[in-house]
There are 2 protein chains.
Amino acid sequence: MGREPIEDSDAFVTEVCWHYYVNEMTQADVARHMGVTRLRVNQAIQTAKSLGFVKIQIESPFLPRVELQENLKEALGLQRVVIGPANEADYDYHKAVGAALAALLAERLAAGGWTSLGVSWGLTLDAAIRKLTRQSHPGLEVLSILGGTAEGSTLNSFGIASGFANVLGASFSVLTAPIYLSEGIDRDLFLSQYALKEHFEKLKSLDAVLLTCSNVSEKSFLVEHGLPHELTPETLIEAGAIGDVLGQFLDRDGASVSEAVDNRTVGMPLDQVLAVPEKIMAAAGPHKVEIIKAACKRGLVDTLVTDDVTARLLLEDKSVQSSAAE
Amino acid sequence: MGREPIEDSDAFVTEVCWHYYVNEMTQADVARHMGVTRLRVNQAIQTAKSLGFVKIQIESPFLPRVELQENLKEALGLQRVVIGPANEADYDYHKAVGAALAALLAERLAAGGWTSLGVSWGLTLDAAIRKLTRQSHPGLEVLSILGGTAEGSTLNSFGIASGFANVLGASFSVLTAPIYLSEGIDRDLFLSQYALKEHFEKLKSLDAVLLTCSNVSEKSFLVEHGLPHELTPETLIEAGAIGDVLGQFLDRDGASVSEAVDNRTVGMPLDQVLAVPEKIMAAAGPHKVEIIKAACKRGLVDTLVTDDVTARLLLEDKSVQSSAAE
DNA sequence: TGGCAACACATACATATGAATAATTACACT
DNA sequence: AGTGTAATTATTCATATGTATGTGTTGCCA
């Protein structure tokens with residue numbers, strides 16, 4: 001019905017970006033040269049940026065917050081903290097943390113040594129995938145470590161594992177299950193299925209894991225879309241839950257609040273996560289300060305990737321706690 | 001006398017760029033947030049770009065010219081051709097070729113297998129260094145394969161070898177000699193010096209070489225600054241020279257025009273280059289069409305890195321020659 | 001053939017960036 | 001304290017980019 005839309009080919013978009021960024025031509029120049037309208041050029045550039053065809057790499061990205069990183073590392077007793085400065089006026093921590101995580105991953109992968117990488121899922125990890133520049137690690141396997149939900153395909157279990165594998169030139173293995181089993185299903189029996197059994201076997205020898213965490217609110221995709229009907233945020237909060245890591249809810253000291261919930265979770269048990277040589281937690285936002293601390297207390301974090309806003313809150317919180325303890 | 005200039009720290013420049021590119025803030029927003037003038041922000045971004053603190057990476061950069069690449073590959077009988085589209089209105093092939101070479105190197109290095117890389121020198125290779133994103137290849141050694149000149153330090157022997165080594169996280173070894181020996185100096189005796197002898201020994205087992213070429217004109221830095229007094233462009237042209245590779249002058253069939261000159265050259269002999277498993281030639285510009293062809297005829301090129309303007313000229317030239325041969 | 005829907009192009013406008021210029025500040029010297 | 005010099009900030013202007021709107025084109029259907 002009516003006119004068919006012209007679909008800009010990848011080659012077209014790529015050439016536009018080449019001229020604009022490499023040859024430093026204005027959009028009007030590019031349009032003239034390629035015989036199209038400036039509007040087309042402008043939109044091609046925006047498309048390329050949003051799809052990750054064009055990526056910006058910044059040298060020494062953690063340099064601006066060296067001191068804050070060091071302070072927070074000491075305060076939380078971690079091995080490393082990397083911080084990306086956030087835009088405070090229009091706060092969106094996914095951008096800063098996603099980019100910081102991408103930079104960290106590029107660095108860690110360049111150092112070599114990883115053959116298996118367990119990945120959680122969420123908006124932050126999705127943002128990191130978009131920021132990662134294409135690499136080739138054929139010896140690396142990306143494995144999802146938490147079941148998925150029906151909605152939100154790109155930021156979910158399959159989308160994240162395949163996304164990382166794609167941009168890293170690695171293989172991947174997806175956990176093909178929902179986050180939580182229905183009441184009455186035997187977890188061990190469910191996990192004894194061939195494909196799942198093999199997957200969980202591999203999780204026993206991961207080189208590194210990428211974790212995220214959420215508080216117990218509608219802000220959390222998992223809480224909003226992943227919980228079974230009988231499990232409400234209210235009951236979790238009543239049980240002492242302040243947030244979750246891999247669908248397992250923790251209190252402020254990092255202890256699990258419900259063995260019953262944990263036993264219904266199709267994901268890597270947190271006690272198993274503890275044994276992974278390199279545990280990377282990517283999380284930010286004032287609403288996540290408590291759960292970040294709880295995860296650190298539990299020992300789930302070797303390297304924390306966050307933004308400066310959150311880092312300052314974490315530090316404030318730690319000094320308030322130190323005062324209260326005296 | 002007067003005011004002392006404030007030197008913007010690397011951390012400052014980096015944070016400015018982070019906010020601008022990662023958080024997608026306007027320059028005015030960044031200035032407000034960081035408590036500086038917008039002019040400072042604008043200048044910091046420009047500084048970062050020119051110093052290589054900020055780099056743009058484009059996905060599948062050779063996609064726009066797939067067909068032209070294939071056509072030229074067949075026409076020249078090469079293993080591979082990679083082409084970066086140039087800005088024809090304001091022609092500067094260093095940008096396009098430098099970026100294309102950087103992309104190729106990133107790809108080839110990601111594939112692994114290189115432990116030694118011989119590098120010539122010049123503006124194009126300098127441009128590639130600036131475009132390369134930071135990598136870590138501790139097992140790679142970069143070796144210069146041509147002596148240097150007194151002027152032009154960053155684009156010269158030392159600057160190029162160290163520049164590549166630095167951005168690639170590799171070690172390097174410089175050929176500490178002028179391009180041409182003075183008349184009367186015995187080449188074998190000169191090269192038998194310990195440091196040089198060791199260096200040339202390594203050149204016998206290079207995994208790959210980065211070559212450039214020039215025509216015989218004042219456009220060539222080597223011709224303008226590197227030739228001994230008694231050797232003039234005119235005499236070289238009379239001897240049939242159309243250009244040089246590694247300071248060794250070739251005629252249009254790729255044969256050396258002067259054994260006397262070649263014997264005075266402190267660089268990798270071209271017959272030795274022939275044995276290198278991967279020979280990459282990065283060159284562009286209408287004035288280089290003849291010498292590019294001659295180098296290909298000589299067998300010095302496995303992979304050609306050039307721009308679309310030059311590629312079309314090379315193809316035209318080949319079809320004109322095919323017609324003439326009939 | 002005319003009418004309609006959808007899309008692309010052409011044009012206009014708002015905002016951001018790049019560059020230039022004027023005013024202010026910091027510093028050294030007398 | 002006054003003066004001169006140099007740099008930075010504040011302001012202005014030119015150009016480029018992002019966005020919105022009006023017009024023309026294409027394709028389909030009755």
Side-chain angles (χ1 to χ4, degrees), chain A residues 1-58 85-92 95-96 99 130, chain B residues 1-58 64 85-92 95-96 130:
Chain A
M1 188 54 188
R3 202 177 186 176
E4 290 291 327
I6 305 177
E7 171 103 358
D8 284 342
S9 69
D10 287 354
F12 172 79
V13 171
T14 302
E15 185 170 354
V16 166
C17 293
W18 181 275
H19 283 305
Y20 186 65
Y21 289 107
V22 173
N23 292 325
E24 294 178 302
M25 287 154 77
T26 63
Q27 294 183 3
D29 287 342
V30 176
R32 212 166 2 246
H33 181 68
M34 294 177 74
V36 295
T37 60
R38 184 176 72 81
L39 181 61
R40 288 278 298 280
V41 170
N42 182 266
Q43 284 173 343
I45 291 164
Q46 286 183 42
T47 297
K49 283 198 282 188
S50 72
L51 291 184
F53 281 29
V54 170
K55 286 164 177 146
I56 309 285
Q57 185 165 69
I58 293 176
N87 175 0
E88 288 167 51
D90 189 18
Y91 192 55
D92 167 18
K95 272 196 183 116
R130 291 166 195 282
Chain B
M1 190 57 189
R3 200 179 185 175
E4 289 292 327
I6 307 180
E7 171 103 358
D8 285 341
S9 70
D10 287 353
F12 172 78
V13 172
T14 301
E15 184 170 355
V16 166
C17 293
W18 182 275
H19 282 305
Y20 186 65
Y21 288 108
V22 174
N23 292 325
E24 293 177 300
M25 287 155 74
T26 63
Q27 294 183 1
D29 286 341
V30 175
R32 214 165 2 248
H33 181 66
M34 294 178 72
V36 295
T37 61
R38 185 176 71 81
L39 181 59
R40 287 280 294 282
V41 169
N42 183 265
Q43 285 172 341
I45 290 164
Q46 286 182 43
T47 298
K49 282 198 284 189
S50 69
L51 291 185
F53 280 30
V54 170
K55 287 167 175 135
I56 310 284
Q57 185 166 68
I58 292 176
N87 175 2
E88 288 167 50
D90 189 18
Y91 194 56
D92 167 18
K95 272 194 182 117
R130 290 166 196 282

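Note on naming: letters A, B, ... go to the chains in the order of the sequence lines (proteins, then strands), and numbering restarts at 1 for each one.
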Rounded to the nearest Å, what distance is computed from the [atom1] atom of residue [X] to the [atom2] atom of nucleotide [N]?
| X | N | atom1 | atom2 | answer |
| --- | --- | --- | --- | --- |
| A/I45 | D/dT19 | CD1 | C1' | 15 Å |
| A/R32 | D/dT17 | CZ | P | 11 Å |
| B/M25 | C/dA16 | CE | P | 12 Å |
| A/E4 | C/dA8 | CD | P | 10 Å |

Which pair of non-hydrogen atoms, one from [X] and one from [Y], has the smallest distance, and what is that distance?
| X | Y | answer |
| --- | --- | --- |
| A/M34 | A/V16 | SD-CG2, 3.8 Å |
| A/W18 | B/P85 | NE1-O, 2.6 Å |
| A/A44 | A/C17 | O-SG, 4.5 Å |
| A/V30 | A/Y20 | CG2-N, 4.1 Å |

Name the pairs: protein N/O against N/O of nucleotides 24-26 of chain D, kept only if under 3.5 Å.
from   : atom 1 : to   : atom 2 : distance (Å)
D/dG24 : N2     : A/R3 : NH1    : 3.3

### Query
Within a strict 4.5 Å, meaning less than it, do heavy atoms of the B/I56 and A/V22 side chains meet?
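A side-chain contact under 4.5 Å is absent here.
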### Summary
Numerically ordered, the residues 35-42 of chain A set in heavy-atom contact under 4.0 Å with DNA chain D is A/R38, A/L39, A/N42
### Per A/Q27 side chain, nearest of listed nucleotides D/dG18, C/dG18, C/dA16
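Per side-chain heavy atoms of A/Q27, the pick is D/dG18.
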### Query
Counting just side-chain N and O atoms, does A/Y20 come under 4.0 Å of either OP1 or OP2 of D/dT17?
yes
### Query
Between A/Q43 and D/dT19, is there a side-chain N or O to OP1/OP2 distance below 4.0 Å?
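So the side chain of A/Q43 is outside the cut-off, no N or O lying under 4.0 Å from OP1 or OP2 of D/dT19.
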### Summary
CG of B/N87 to NE2 of A/H33, rounded to nearest 0.5 Å, is 7.0 Å
### Nearest-0.5 Å distance that lies between atom CD in A/E88 and atom CZ in B/R32
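Here the rounded value is 13.5 Å.
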### Query
Which residue, A/D29 or A/Q46, contacts DNA chain D at a nucleotide closer to its 5' end, judged by nearest heavy atom?
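Closest to the 5' end, via its nearest nucleotide, is A/D29.
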## Note on the structure
Across all chains, not counting sequence neighbours, the side-chain contact (heavy atoms from CB on, under 4.5 Å) partners of A/T47 are A/L51
#### Entry: Partner of B/F12 under side-chain contact (heavy atoms from CB on, under 4.5 Å), chosen from B/D8, B/D10, B/T14
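For B/F12, the side-chain contact (heavy atoms from CB on, under 4.5 Å) check succeeds only for B/D8.
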